[in-house]
Amino acid sequence: MNLDFSQIIPYIPFMLEGIWVTLKFVFFAIILGSILGTLLALFKIGAIKPLRWFADGYTSIFRGTPLILQLMIIYYSIPQLTGYDISPFLSAILAFGLNSSAYISEIIRAGIQAVDKGQLEAAQALGVPYGAMMKDIILPQALKNILPALMNEFITLTKESAIVSTIGYLDLMRRAQVVGADLFRNFEPLLFVGVIYWCLVMGLTVVGRMVERRLKLSD
Ligand code: ARG
């Protein structure tokens with residue numbers, strides 16, 4: 001068997017740097033996706049029909065086409081349409097954030113609708129305004145129920161992040177390919193970043209469990 005892990009040693013700092021590069025855009029994409037996703041979910045359960053149509057159409061488009069296609073449209077078409085270049089970093093945040101918001105909106109919508117109807121009726125009977133009711137009564141309860149599904153989405157996003165390597169962003173995946181091309185051996189660098197992705201996902205899982213336990217305490 002042709003295996004030699006010692007050859008990747010000089011490249012380890014280069015590959016480790018990819019962790020930060022990957023996490024940086026995934027973090028911003030999660031923030032963007034969560035804010036937009038909450039907004040879309042509120043549109044979907046709201047009474048204003050055009051907003052409901054918009055949110056449904058949005059979800060259908062972003063869930064119905066490949067993420068890699070959305071990423072490429074943003075990265076290659078924005079310069080063509082506007083005359084302004086867009087960096088791989090910004091394209092990645094936009095593509096992942098917009099894509100994720102479609103999934104997150106469905107998770108949140110289901111979470112809100114699963115909150116006992118009596119909660120809404122009681123709030124209305126007490127004359128709590130809609131905004132305050134959502135923010136202080138319904139959404140906190142919904143959040144508790146949807147936490148596992150949300151963590152799942154964040155894990156998906158972390159792993160799918162590897163497709164930004166296709167637009168030349170020097171993330172973990174791209175770095176493994178660069179090292180592979182340099183050494184004429186691919187298995188070792190690929191395995192190395194594979195272990196890193198796994199560690200990242202395990203980290204997310206642990207954080208998710210901790211938050212879940214903390215929220216249970218308040219029951
Ligand atoms: N590979 C899938 C696609 O291209 C992943 C979509 C992202 N999934 C997500 N839950 N945000 O459509």
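Order of appearance sets the numbers: ligands from 1, and atoms from 1 within every ligand. Numbers for residues simply follow the sequence, beginning at 1.
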What about Phe25 and Tyr169, are their ring centers closer than 6.0 Å?
-> yes

Could you check ligand 1 for N or O atoms lying under 3.5 Å from protein N or O atoms and list the pairs with distances?
unit_1   : atom_1 : unit_2 : atom_2 : d
ligand 1 : 1 (N)  : Glu160 : OE1    : 3.2
ligand 1 : 1 (N)  : Glu160 : OE2    : 3.3
ligand 1 : 4 (O)  : Leu67  : N      : 2.9
ligand 1 : 10 (N) : Glu153 : OE1    : 2.7
ligand 1 : 10 (N) : Glu153 : OE2    : 3.4
ligand 1 : 11 (N) : Asn99  : OD1    : 3.0
ligand 1 : 11 (N) : Glu153 : OE2    : 2.9

Distance, nearest 0.5 Å, that separates [atom1] of [X] from [atom2] of [Y]:
X: Leu32; Y: Ile93; atom1: CG; atom2: CD1; value: 8.0 Å
X: Lys135; Y: Leu139; atom1: NZ; atom2: CG; value: 10.0 Å
X: Leu170; Y: Thr22; atom1: CG; atom2: OG1; value: 10.0 Å

Are Met173 and Leu190 close enough that some pair of their side-chain heavy atoms sits under 4.5 Å apart?
->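 Yes - at least one pair of side-chain heavy atoms lies under 4.5 Å apart.
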
Going through the distances and angles, do Gln119 and Gln141 end up as a side chain to side chain donor-acceptor pair (under 3.5 Å)?
-> CA-CA 10 Å; Gln119 297 285 319; Gln141 295 186 65; 2.9 Å; yes

